[in-house]
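Reviewing the structure listed below.
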Amino acid sequence: MTATKTKLKIGIVGCGAIGSRLAKAVVVNFGDKAELSGIYDVNLEKAHNLASELKINNIVVSTLDDLIKRCDFVIESASAKSSKSIAKSVVEAGKDILVMSVGGMLEAQDVFKLAKDKSCHIYFPSGAIAGLDAIKAASFSNINNITITTRKPPSGLKGNEYLLKNNFDLDHIQKETIVFEGSVDKAVELFPQNINVAATLSLASGCKDKIKVKIVTSPEYKRNSHEIIAEGDFGAIKTCTDNLPCPDNPKTSFLAVLSATAMLKNILEPVKIGT
Ligand SMILES: NC(=O)c1ccc[n+]([C@@H]2O[C@H](COP(=O)([O-])OP(=O)(O)OC[C@H]3O[C@@H](n4cnc5c(N)ncnc54)[C@H](O)[C@@H]3O)[C@@H](O)[C@H]2O)c1
């Protein structure tokens, strides 16, 4: 007779575009191995709406602490402003976390150390980019330089404070325009909702200072695309994704949701494929 394994209790912080879709994935795709034990959003109405959509009672909690108590594993899909403190609280409680708002984790070495001390795991999905497997491998050799060029339709940059302050009129942009060129730190500071991929690339490569970030928009763009070019002792890596936006949030690429779903599969299934 084989022993029945208990299901992994998963909790979600942030019930927006990504959190809602991942909640559904937990229920629909991984119901045999995991259960959705709690959902939390600073906007409680969003959590309640998600619970009724999923037709699950008693999963909405009103504080992060309550969520952590109920779960073994937390998915952060809230914001770059809070991801580090959320990750810290989860890891302090000895639980694992998957972080979507990677931009908030660039200066989180203390949380990484805490995870090590507590034997916890912090997972960062590849998100909307391709090639992180090769970049991780390349990081064991010398990387000379990496450029990531993110192209978004104007709607994907709407509401960005830096662009508003600098009078970029996204509604009337006529041609392809570079709206930002600079370091990962600056990109994450100025485009926290748009540039998690640069942060993930930085963590995977371990060479933040060699990365140049470019953000370009055009009325002709209909998709969010991310092009990565890296050079070093291994040769060269060139990858490009041409992503459709998530229907619930044009700032988010649908591939980012799928990438987190694939990572959940990797965590839950015994056979793990890919670097
Ligand atoms: N890693 C990647 O490749 C990638 C790709 C796209 C988006 N993201 C990031 O993932 C996060 C979620 O994206 P989204 O499209 O679902 O955004 P969204 O705006 O649709 O949803 C975010 C939700 O989180 C809630 N929230 C914000 N701060 C919170 C907090 N401190 N505690 C609890 N709830 C909080 C909001 O009320 C909202 O409901 C964002 O930070 C986004 O930048 C990452």
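One-based numbering, in listed order, for ligands and for the atoms of each. All residue numbers refer to positions in the sequence shown, counting from 1.
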Side chain or backbone of [X] under 4.0 Å from ligand 1, or both, or neither, by non-hydrogen atoms?
X	value
Ala80	backbone
Ala17	both
Val102	side chain
Met100	both
Ala78	both

Distance under 4.0 Å to a non-hydrogen atom of [X]: what atoms of ligand 1 satisfy this?
X	answer
Lys46	38 (C), 39 (O)
Val13	32 (N), 33 (C)
Ala256	3 (O), 5 (C)
Ser82	30 (C), 31 (N)
Ala128	3 (O)
Gln193	43 (O)
Asn249	14 (P), 15 (O), 17 (O), 18 (P), 19 (O), 20 (O)

For the backbone of Ser139 and the side chain of Ser205, can you confirm whether one donor and one acceptor N or O come within less than 3.5 Å of each other?
no
Is ligand 1 less than 4.0 angstrom away from at least one heavy atom of Thr200?
no
Just to be sure I'm reading this right: ignoring hydrogens, which of Val42, Leu67, Asn196, Val99 gets closest to atom 26 (N) of ligand 1? Compare them by their nearest heavy atoms.
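Minimum heavy-atom distance to atom 26 (N) of ligand 1 goes to Val42.
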Proximal candidate to atom 37 (O) of ligand 1 [heavy atom criterion; set Ile195, Asp41, Asn43]:
Asp41
Give the ring-plane orientation class for Tyr162 versus Phe168, where under 30° counts as parallel, over 60° as perpendicular and anything between as tilted.
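Judged by the thresholds at 30° and 60°, the geometry between Tyr162 and Phe168 is tilted.
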For [atom], find the nearest protein heavy atom and state the residue, atom name and distance (0.1 Å precision).
atom	result
atom 21 (O) of ligand 1	Gly16 CA, 3.2 Å
atom 12 (C) of ligand 1	Ser77 O, 3.4 Å
atom 15 (O) of ligand 1	Thr252 OG1, 2.6 Å
atom 41 (O) of ligand 1	Ser101 OG, 2.7 Å

Kindly check if the number of other-residue, nucleotide or ligand heavy atoms within 6.0 Å of NZ (Lys265) is above 12?
no
Can a salt bridge be assigned to the pair Glu107 and Lys208 using a cut-off of 4.0 Å between side-chain N and carboxylate O?
yes
